[in-house]
Amino acid sequence: MHGKIELDTSMAEQFVRQHELEYIEPRVKLAHELLQANAGPGSDFAGWVHWPQQYDREELARIKELSSQIRDTADAFVVLGIGGSYLGARSTLELLSHTFHNKLSREERNNAPEIYFAGNNISPVYLSHLLDIIKDKDIVINVISKSGTTLETALAFRIFRQLMEKRYGKKEAGRRIIATTDREKGVLKALSLRDGYETLTVPADVGGRYSVLTAVGLLPIAVGGVDIDELMAGAAAGYHFYSKNTFPGNPCYLYAAFRNIFYLKGKLIELMAAYEPSFYYFIEWWKQLFGESEGKDNKGIFPAGLNFTTDLHSMGQYVQDGYRNIFTTTLWAASPAVDLDIPVIGDDEGSDGLGYLAGKTFHYVNEKACEGTMLAHAGGMVPGLKVVLPEISPFYHGMMVYFFERACAISGYLMGVNPFDQPGVEEYKKNVFKLLGKKS
Ligand code: PA5
């Protein structure tokens, strides 16, 4: 029996009056109707909304088959992509796999290959060092790009194509490259047809940052050994819970509403904090989702991330006491993936002063750190929301992804922007190509 992800507003309520929630309620309900009926701004890219119910089952079966072939063939699996074609897979693997995945033995990794990411920067150092690491390994590549023209990914792919063709010959290289791209068009699709790469589809109506539950995320995630059926089941449960037009009963809509109320009060920065380092890339994914969806028309909450308790010793001072334009959202798992007991040792009477914690667990201490921090921040006029997962698992990860995607869309509609386009990103791409002398 599964539970669901909840929103704890106890450290935020003192900053919001009841009538503010009442004012926003009809707007939340309208935003829901627009989203649910595919009738709002940007609805050409709202294919992810009903995706947990309507995803392509045949493609999912093919992903599972491909992933087990890759797990049998590759020592190292290299995923090339950037932004929405990168962060979903990486964040899922970082959260659900062993922290030191690539350092484990094959057996300890349950037959998963080592996994590396590239094509997400233009650094010659990063790429050269990666080439050093994989030089004696059998590799399989997954190049992911919806447009097929993204510079960072295309440049890295050029390096890997050359390496693969030299190492395996053109035909075998073709069998070891999987391209995830548009079903019909684009350079990468054309190249795949020419050189015989297996292809998977980025649905035309799903934008990069909303694509983790498509082949974009699912192939790397499955290769890493995460149960993608569970992930999709969690997303479907998320669809069931969070597409209800109830307010304030729907925690996903309540989150969207609270952040918009804070925004109107001048809280222009949302700090997402987690107390597990494995959430680091999830926060990166969330930053892209909200930053790219809301930051337009000269509006938007600036999404930033903090890794607690680590950053309490660096950024804690600012959050507690600096400029008062921030609120926090804490990601919290009620039970951790693994816990550790604090040992009872012989000289507990005063050696390191920690005798009072002996017999407790690290999770218990982390939880108290979280409670104490949120209390302190609220006292310092920083409202705190808390998104609570019952546990860290593929199921709840799928649910969490859907929770935030849906919250982002509703929040964008409340803010009066199109949450599904990214004109600013296109602007940067255009300029770089022009400066590099690309002929269109
Ligand atoms: O969300 C987005 O649209 C972007 O972050 C893209 O995913 C990113 O720019 C990569 O684009 P593409 O998949 O076309 O290579």
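If you're wondering where the values come from, they're calculated on a predicted model, not measured in any experiment. Whatever order the structure lists them in is the order used to number ligands and atoms, beginning at 1.
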According to the interplanar angle, ranging from 0 to 90°, do the rings of Y55 and W51 count as parallel (below 30°), tilted (30 to 60°) or perpendicular (above 60°)? tilted
For Y242, the ring pair (Phe, Tyr, Trp, His ring centres under 6.0 Å) test, sequence neighbours excluded, returns F403
Parallel, tilted or perpendicular, as decided by the 30° and 60° cut-offs, for the rings of W48 and Y210: parallel
Contact residues of ligand 1, where a non-hydrogen atom lies under 4.0 Å away: I82, G83, G84, S85, S145, K146, S147, T150, G208, R209, Q288, E292, Q422, K429
Enumerate, atom names and distances included, each donor-acceptor pair closer than 3.5 Å involving a side-chain atom of residues 415-426, sequence neighbours excluded.
residue: N418; atom: OD1; partner: F420; partner atom: N; Å: 2.8
residue: D421; atom: OD1; partner: K296; partner atom: NZ; Å: 2.8
residue: Q422; atom: OE1; partner: R209; partner atom: NH1; Å: 2.6

Return the set of residues passing ring pair (Phe, Tyr, Trp, His ring centres under 6.0 Å) with H2 (not counting sequence neighbours), or none when no residue passes. F395, Y396
Is a side-chain donor-acceptor pair under 3.5 Å present for E294 with S411? yes
